[in-house]
Amino acid sequence: EGPPGVSRKDYTRQPLSVFDEEGAGRDRCKETPKQHPAAAEWEQDKERPWVCEHRWRGIPGMISFRKLIKGNAAAKPKPRHADSDGHVA
């Protein structure tokens, strides 16, 4: 699926702006979904069609965590019971 305002068959159209047309500067990003999978109302919201995951609750913490552990290689876990084909018991 393409960006809001662009159909699957016509990628030459300009997508809808992520900000409203009135110039008030309000964004049209969807709120963080409250359930998984997202409800149909959330998916079909015409007022806020953009999915801006970087603004969702929880994502900033993930970014901070990644910065915190940068450069620290995680050890690859070694299963205690594995055969030569990689099957874990």
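Atoms considered below: every heavy atom in the structure, side chains included; atoms not considered: hydrogens, waters and symmetry mates.
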Please check if atom CD in Glu53 has more than 12 non-hydrogen atoms from other residues, nucleotides or ligands closer than 6.0 Å.
yes
Non-hydrogen side-chain atoms of [X] and [Y] separated by less than 4.5 Å:
| X | Y | result |
| --- | --- | --- |
| Asp27 | Arg48 | yes |
| Trp56 | Cys29 | no |
| Lys67 | Ser64 | no |

Out of curiosity, does Val51 fall in the hydrophobic cluster containing Ile63 (side-chain heavy atoms, cut-off under 4.5 Å, transitive links)?
yes
Do Ile59 and Phe65 sit in one hydrophobic cluster, given that two such residues count as connected whenever their side-chain heavy atoms are within less than 4.5 Å of each other, even indirectly?
no
Whether the side chain of Arg28 engages the backbone of Trp50 through a donor-acceptor N/O pair (distance < 3.5 Å, no angle test) should be reported.
no
Can a cation-pi geometry be assigned to Lys30 and Trp42, taking NZ or CZ under 6.0 Å from the six-membered ring centre and within 45° of the ring axis?
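Lys30 over Trp42 ring: yes.
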